[in-house]
Amino acid sequence: MEKNKKLPENVSVGNRTLDTPSYAYALSKVLTGSKVVENQTINGPQLDIRRISVKLTKNQYLEIASKFRNFTSRTQCCPATISFSGGKIDFYNAVYLLSKIGRYRQLHGKLPVAMQISTPLPLNAYHINSKAIDTRIKNLKSQIRKTINLMNIINKRIRYSGNKKNHHEASG
């Protein structure tokens with residue numbers, strides 16, 4: 001994820017190839033103590049990617065992994081977001097977090113005391129809706145026109161009051 005700035009379509013695990021939701025679910029089970037992980041087809045949520053940079057304690061990331069595992073086990077679909085004691089994390093960042101923890105455990109044989117994640121926002125994270133953009137531009141143009149009209153009224157009043165004052169002084 002760090003290199004390609006996106007979730008992989010598939011992940012090779014031993015002699016299996018898993019899609020991202022199935023991989024994340026399997027990781028959540030392993031990281032929370034399951035010795036047996038069966039191959040299941042799990043649905044992924046719609047991506048609502050948020051850029052975050054946070055350091056999570058072991059208790060916090062295990063809470064995320066447990067909630068991820070429990071929700072997915074119950075619904076056969078990964079959660080779009082997970083609320084935990086430190087806030088909220090979306091699916092994209094949860095997969096990134098679980099992957100980093102899994103890699104650490106594989107390299108060191110134990111879980112880390114804490115885990116820092118700073119997720120890059122991929123280029124394809126947001127789909128731009130041209131209708132929404134057109135509406136926003138139209139609203140901005142309208143606001144700009146109103147502001148210009150108000151500025152013109154203020155300028156006229158300033159000129160009028162200034163002329164009146166100058167005219168009054170000249171005749172006084």
Side-chain angles (χ1 to χ4, degrees), residues 1-140:
M1 251 175 76
E2 291 165 345
K3 182 180 171 188
N4 297 323
K5 298 187 188 307
K6 66 177 185 174
L7 290 177
E9 293 292 322
N10 295 300
V11 180
S12 295
V13 181
N15 60 354
R16 297 184 200 171
T17 300
L18 303 173
D19 61 7
T20 302
S22 299
Y23 168 71
Y25 177 55
L27 257 175
S28 71
K29 289 186 75 168
V30 169
L31 294 174
T32 56
S34 180
K35 302 288 183 216
V36 178
V37 178
E38 62 282 348
N39 192 8
Q40 290 182 286
T41 301
I42 303 294
N43 296 314
Q46 285 188 318
L47 290 182
D48 179 19
I49 302 168
R50 300 164 199 271
R51 188 178 294 186
I52 63 171
S53 181
V54 65
K55 186 173 185 176
L56 299 167
T57 66
K58 183 176 182 180
N59 286 340
Q60 287 175 317
Y61 73 68
L62 286 176
E63 177 186 358
I64 292 166
S66 293
K67 287 184 174 189
F68 190 101
R69 179 200 65 215
N70 294 343
F71 182 92
T72 306
S73 177
R74 192 173 60 253
T75 64
Q76 297 299 299
C77 182
C78 294
T81 59
I82 302 163
S83 295
F84 68 103
S85 59
K88 258 187 179 179
I89 188 168
D90 60 86
F91 173 75
Y92 181 90
N93 289 299
V95 172
Y96 180 47
L97 172 67
L98 295 173
S99 297
K100 282 188 75 167
I101 296 165
R103 183 175 28 185
Y104 183 96
R105 182 177 168 195
Q106 183 182 23
L107 293 173
H108 302 282
K110 63 180 182 175
L111 293 174
V113 174
M115 182 57 67
Q116 171 76 35
I117 60 169
S118 297
T119 52
L121 194 61
L123 298 175
N124 62 349
Y126 294 105
H127 300 287
I128 298 173
N129 178 338
S130 63
K131 187 175 181 179
I133 291 172
D134 290 344
T135 302
R136 181 68 178 140
I137 289 171
K138 188 176 178 182
N139 289 340
L140 287 172

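The figures here come from the full heavy-atom set of this structure, side chains too, leaving out hydrogens, waters and symmetry mates. Computed from a prediction, not measured in an experiment: that's the story for all the values here.
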Approximate separation, where rounding is to 0.5 Å, of Lys100 NZ and Leu27 CG: 14.0 Å

Working to the nearest 0.5 Å, report the span between CG of Asp90 and CD1 of Ile52. 6.5 Å

If we only count heavy atoms from C-beta on, is the Phe84 to Tyr61 side-chain gap below 4.5 Å? no

Which atom pair, heavy atoms only, marks the closest approach of Leu111 to Tyr104? C-CE2, 3.9 Å

I need the full list of salt bridge (charged side-chain N to carboxylate O under 4.0 Å, His left out) pairs touching residues 52-69, with sequence neighbours left out, sorted by first then second residue. Glu63-Lys67

In this structure, CG of Leu98 is separated from CZ of Phe91 (nearest 0.5 Å) by 9.5 Å

Listed partners of Ser22 passing side-chain contact (heavy atoms from CB on, under 4.5 Å), at least two apart: Leu18, Asp19, Ile42

Side chains of Pro79 and Phe68: does their closest heavy-atom pair fall under 4.5 Å? yes

Closest non-hydrogen atoms of Tyr25 and Ser73, given as atom of the first, atom of the second and distance, are OH-CB, 3.4 Å

Sorted by chain and number, sequence neighbours left out, side-chain hydrogen bond (donor to acceptor under 3.5 Å, both in side chains) with Gln116 holds for Ser53, Ser118

Pairing residues for Ser28 by the side-chain hydrogen bond (donor to acceptor under 3.5 Å, both in side chains) criterion, not counting sequence neighbours: none

Rounded distance [0.5 Å steps], CG in Leu56 versus CG in Asn93: 10.0 Å

If you round to the nearest 0.5 Å, how far is CE of Met115 from OH of Tyr96? 9.0 Å

Would you compute the distance between atom CG of Leu31 and atom CG of Leu97 and round it to the nearest 0.5 angstrom? 8.5 Å

Tell me every residue that passes side-chain contact (heavy atoms from CB on, under 4.5 Å) with Leu107, counting only those two or more places apart in sequence or in another chain. Arg103

Taking only residues two or more places apart in sequence or in another chain, which ones pass side-chain contact (heavy atoms from CB on, under 4.5 Å) with Thr57? Asn59, Gln60

Side-chain contact, heavy-atom cut-off 4.5 Å: Ile89 with Ile117? yes

